[in-house]
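Written below as structure tokens is the structure these notes are about.
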Amino acid sequence: MTVNIQFPDGAVRTYEQGISPMAIAKSISEGLAKKVIASSINGEIKDASTPINADAALKLLTWDDTDGRSTFWHSSAHLLAEAVEATFPGVKFWVGPAIDKGFYYDMDLGDRKITEEDLAALEKKMDELAKKNSIFLRKEISKADAIAYFTEKGDEYKLDLLQNLPDGEITFYTQGDFTDLCRGPHIPHTGLIKAIKLTTVAGAYWKGDEKNKQLTRVYGVTFPNQKELDEHLQMLEEAKKRDHRKLGKELGIFCFDDDVGPGLPLWMPNGTIVIEELEKLAKETEHAAGYKRVVTPHIAKESMYLTSGHLPYYQDSMYPPMELEGVKYYLKAMNCPHHHKIFSAENRSYKELPLRLAEYGTCYRYEQSGELFGLMRVRCLHMNDAHIYCAKEDFAKEFKAVNDMYIKYFKIFGIDKYVMRLSLHDPAKLGQKYINEPELWLQTEEMVRQVLIESNIPYVEVPDEGAFYGPKIDVQIWSAIGREFTLATNQVDFAQGRRFNLSFTNKENQAETPLIIHRAPLGTHERFIGFLLEHYAGKFPTWLAPVQVKLLPISDKFNDYALSVVQQLQKVGVRAELDDRSEKIGKKIRDTELMKVPYMFVIGEKEVNENKVSVRRQGKGDMGQFAVSEIIATLTSEIENRQ
RNA sequence: GCCGUUGUAGCUCAGUGGUAGAGCACUUCCUUGGUAAGGAAGAGGUCGUGAGUUCAAUUCUCAUCAACGGCUCCA
């Protein structure tokens, strides 16, 4: 009996029935066989030793395939578990999956702790075990036998896993002295794991529920050779250099102070310039799109948040109330209720709609202490907020216009690595996490989906991520160190209009409740600037740069001329500064380069005599001499075009 | 909030049971130099905070605050 095997390039070859992908690899070349980690058989990832009994499409997976890597890392997690069990007998294991970059294993060590020193010892042990070239042995086992095995071992976590597995589909994998409940697949043998780094030890709640016991999680990453590990570590170092917390300090953008409080950033002069440029952009854009600006107080009475329905959902993340004369006031954690009150302050006609109220609103959210993260997660935030009140028939158009605004902004900033996430409700949580309006949920979710499809925007749908008042589109981005954040959000709200008794008079002279769109394309200043710092690696484009031009006289003799150029620049609104220190030009250039100032004008005798400046661009070097009027024209046009 | 790690000058970091150092930054002086670090001198810290052990604590112990790595949560 033979089987026909089709390869990814379309070629078909015939083999003996029962042949394994590894044997096929060997038939092609020994070199290939050495690199094979696993296989994809008809799209399913399987061990390279899996016998193939029928015609199939086969892909041999190596380190270069994403699936190959995750198999490699999953096997590495087993190797880690083997080392841990050898070091800490009696340890119980939960799960050990591959992740984006590496793997982890969750375990219960009882009263023992794993320290940083232990990690080094475990690395060594793993290395030792890997060198034994232990085969990953797959074994099908009955549920009863599996339960018996882990009952004897006393591992209640694996027994918990077993509960939900159907009999007949249960497999064990054994390498060396370690056996684990696992569906696989795995790499052929441990010897492929040549470079090991255990990165960190952390706590993680069992099943991700904070009410459960906290297990010990060890993170690690492995590679088929030392060189790739070194490169990986190098890359992590590079990522740290563009961490917005580091850049923010170096460039004088923001700081924190213990007396002010955690999560309460102080914006320094350079950061404030970036804030003001962003606000200018937002105001221009929103004005052109028919938005009206409003200003609202930072606090409000408890009654408003009861009306809005925020309090029961949100209380934990609001600062506790201030009580005066028997009335409780809360710092606002969102701007919507205030804006709704502006809507309802006057009788509204359909002729006024859509009404778009915009504000860079200051909000306070009492985020849990462990969640604070530089500018990305703070307790005082400035939101590029607006609420659009519209009739149902205008909704799609308005929602699309908002989306288009997002795209326009992202183009200005050159943001292209993001994912649009359509966040939906979970029917099981209606009435708890979500307003109990099943019909409206489905309707509005479909409207939003249609907008995305019609705009041809790639997106992913995620259930159970919606706001309590409606579905939303979140723009997801990743920080330099790989953490995921929502940069911007565009939300539908079919609940608050009714709660606030908002209404407008429609064409039929009847009161109608508007739909509300909550949108924040530039998110918050905090997160957006945190993101931009990393996105640009601190090298802001000229229009955003806190200092746009630095004048660098070669000697004190030219300070007067340089100052006159500074004044000319300032006159046309260019942010220019003079470096009049008695330092050599090399030193001045170095310092200015490090501050990532986009333009440097070097001024010496030649320039003074000819009314010129020598232009140097940050990171690019000397651009030659330009007449002052000429370079000013170039600069102002660049700034005007937000380049 | 939970688990773990860390906390010494503005920044980056050494160091010690007998009250502290380096480099950069800062101030002054010398230098006036053409595209990524010129030289010298000076100033700057109750070693995160509070308690305990000790003849003596920055160092050991405990508590607390903050930051960092995760978990949970979220714009």
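Not measured: the values here are computed from a predicted model. Each chain gets a letter, A, B and so on, in the order its sequence line appears, and its residues count up from 1.
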Using the 3.5 Å cut-off, write out each protein N or O paired with an N or O of nucleotides 71-75 of chain B and the distance between them.
| residue | atom | partner | partner atom | Å |
| --- | --- | --- | --- | --- |
| C71(B) | O4' | Gly203(A) | O | 3.2 |
| C71(B) | O2' | Tyr205(A) | N | 3.0 |
| U72(B) | O2' | Glu210(A) | OE2 | 3.2 |
| U72(B) | O2 | Glu371(A) | OE2 | 3.3 |
| U72(B) | N3 | Glu371(A) | OE2 | 3.3 |
| C73(B) | O2 | Glu371(A) | OE1 | 3.1 |
| C73(B) | O2 | Glu371(A) | OE2 | 2.9 |
| C73(B) | O2 | Arg377(A) | NH1 | 3.4 |
| C73(B) | O2 | Arg377(A) | NH2 | 2.6 |
| C73(B) | N3 | Arg377(A) | NH1 | 3.2 |
| C74(B) | O2 | Arg377(A) | NH1 | 3.2 |
| A75(B) | OP1 | Lys472(A) | NZ | 3.3 |
| A75(B) | OP2 | Lys472(A) | NZ | 3.2 |
| A75(B) | O3' | Thr486(A) | OG1 | 3.2 |
| A75(B) | O2' | Thr486(A) | O | 2.8 |
| A75(B) | O2' | Arg527(A) | NH1 | 3.4 |
| A75(B) | N7 | Arg365(A) | NH1 | 3.3 |
| A75(B) | N6 | Glu367(A) | OE2 | 2.8 |
| A75(B) | N6 | Val378(A) | O | 3.1 |

Can you tell me, in whole Å, how much space there is between the [atom1] of [N] and that of [M]?
{"N": "C47(B)", "M": "U19(B)", "atom1": "C1'", "value": "10 Å"}
{"N": "G45(B)", "M": "A22(B)", "atom1": "P", "value": "14 Å"}
{"N": "G70(B)", "M": "U59(B)", "atom1": "P", "value": "30 Å"}
{"N": "U61(B)", "M": "C24(B)", "atom1": "P", "value": "35 Å"}
{"N": "C71(B)", "M": "A14(B)", "atom1": "C1'", "value": "34 Å"}
{"N": "U32(B)", "M": "G38(B)", "atom1": "C1'", "value": "11 Å"}
{"N": "U35(B)", "M": "A41(B)", "atom1": "P", "value": "29 Å"}
{"N": "G17(B)", "M": "C55(B)", "atom1": "C1'", "value": "12 Å"}

For [X] and [N], what is the distance between atoms [atom1] and [atom2] respectively, to the nearest whole Å?
{"X": "Lys246(A)", "N": "C68(B)", "atom1": "NZ", "atom2": "C1'", "answer": "14 Å"}
{"X": "Asn559(A)", "N": "G33(B)", "atom1": "CG", "atom2": "C1'", "answer": "13 Å"}
{"X": "Asp118(A)", "N": "U5(B)", "atom1": "CG", "atom2": "P", "answer": "11 Å"}
{"X": "Asp100(A)", "N": "G70(B)", "atom1": "CG", "atom2": "P", "answer": "13 Å"}
{"X": "Asp259(A)", "N": "G48(B)", "atom1": "CG", "atom2": "P", "answer": "16 Å"}
{"X": "Glu237(A)", "N": "U12(B)", "atom1": "CD", "atom2": "C1'", "answer": "14 Å"}
{"X": "Leu119(A)", "N": "G70(B)", "atom1": "CG", "atom2": "C1'", "answer": "13 Å"}
{"X": "Leu236(A)", "N": "C68(B)", "atom1": "CG", "atom2": "C1'", "answer": "15 Å"}

**Item:** Side-chain (Glu607(A)) to main-chain (Gly604(A)) donor-acceptor, under 3.5 angstrom
**Value:** yes
**Item:** Glu526(A) side chain to His382(A) backbone, donor-acceptor under 3.5 Å
**Value:** yes
[X] and [Y]: aromatic ring centres closer than 6.0 Å?
{"X": "Tyr418(A)", "Y": "Trp478(A)", "answer": "no"}
{"X": "Tyr434(A)", "Y": "Phe468(A)", "answer": "no"}
{"X": "Phe93(A)", "Y": "Tyr105(A)", "answer": "yes"}

**Message:** On RNA chain B, does the nearest nucleotide to Leu215(A) precede the nearest nucleotide to Lys557(A) from the 5' side, or the other way round? Give the residue.
**Reply:** Leu215(A)
**Request:** Could you tell me whether Glu583(A) and Arg581(A) have a side-chain N and a carboxylate O separated by less than 4.0 Å?
**Result:** no
**Asked** Does Lys550(A) pair with Glu577(A) as a salt bridge, N-O distance under 4.0 Å?
**Response** yes
Residues in ring pair (Phe, Tyr, Trp, His ring centres under 6.0 Å) contact with [X], at least two apart in sequence or another chain:
{"X": "Phe88(A)", "result": "none"}
{"X": "Tyr360(A)", "result": "His525(A)"}
{"X": "Phe531(A)", "result": "His535(A)"}
{"X": "Trp206(A)", "result": "Trp94(A), Tyr157(A)"}

**Request:** Just compare A66(B), G33(B), C11(B) and give me whichever is closest to any side-chain atom of Pro262(A).
**Result:** A66(B)
Holding to side-chain hydrogen bond (donor to acceptor under 3.5 Å, both in side chains), I want the full list of residues that pass it with [X], two or more places apart in sequence or in another chain.
{"X": "Ser317(A)", "value": "none"}
{"X": "Tyr536(A)", "value": "none"}
{"X": "Lys213(A)", "value": "Asp108(A)"}

**Request:** May I ask you to decide if the ring planes of Trp267(A) and Phe254(A) are parallel, tilted or perpendicular, using 30° and 60° as cut-offs?
**Result:** tilted
**Asked** Do Phe528(A) and Thr524(A) pass the side chain to side chain contact (heavy atoms under 4.5 Å, CB included) test, and can you show the C-alpha distance, the side-chain angles, and the key distance before you say yes or no?
**Response** CA-CA 6 Å; Phe528(A) 205 78; Thr524(A) 65; 5.8 Å; no
**Message:** Strictly below 4.0 Å: does Arg245(A) bring a side-chain N or O up to OP1 or OP2 of A67(B)?
**Reply:** no
**Message:** Take N1-N3 plus N6-O4 or O6-N4 for Watson-Crick, N1-O2 plus O6-N3 for G-U, both under 3.5 Å. Which runs of 3 or more such pairs involve RNA chain B?
**Reply:** B:1-7 with B:65-71, B:10-13 with B:21-24, B:26-30 with B:38-42, B:48-52 with B:60-64
Taking any heavy-atom pair under 4.0 Å as a contact, classify [X]: base, sugar-phosphate, or nothing.
{"X": "Gly604(A)", "result": "base"}
{"X": "Lys606(A)", "result": "base"}
{"X": "Ser317(A)", "result": "nothing"}
{"X": "Asp258(A)", "result": "sugar-phosphate"}

**Asked** To the nearest 0.5 Å, what is the distance between CG (Asp493(A)) and NE2 (His387(A))?
**Response** 8.0 Å
**Message:** For RNA chain B, which residues of residues 609-618 of chain A approach it to below 4.0 angstrom with any heavy atom?
**Reply:** Ser614(A), Arg616(A)
Please list, for nucleotides 40-45 of chain B, all pairs of protein and nucleotide N/O atoms separated by less than 3.5 Å.
none

**Request:** Applying side-chain hydrogen bond (donor to acceptor under 3.5 Å, both in side chains) between Tyr389(A) and each of His340(A), Arg356(A), His339(A), report the one that passes.
**Result:** His340(A)
**Request:** If a protein heavy atom is under 4.0 Å from the base, mark B; if only from the sugar-phosphate, S; if neither, -; do that for nucleotides 22-28 of chain B going 5' to 3'.
**Result:** ---S---
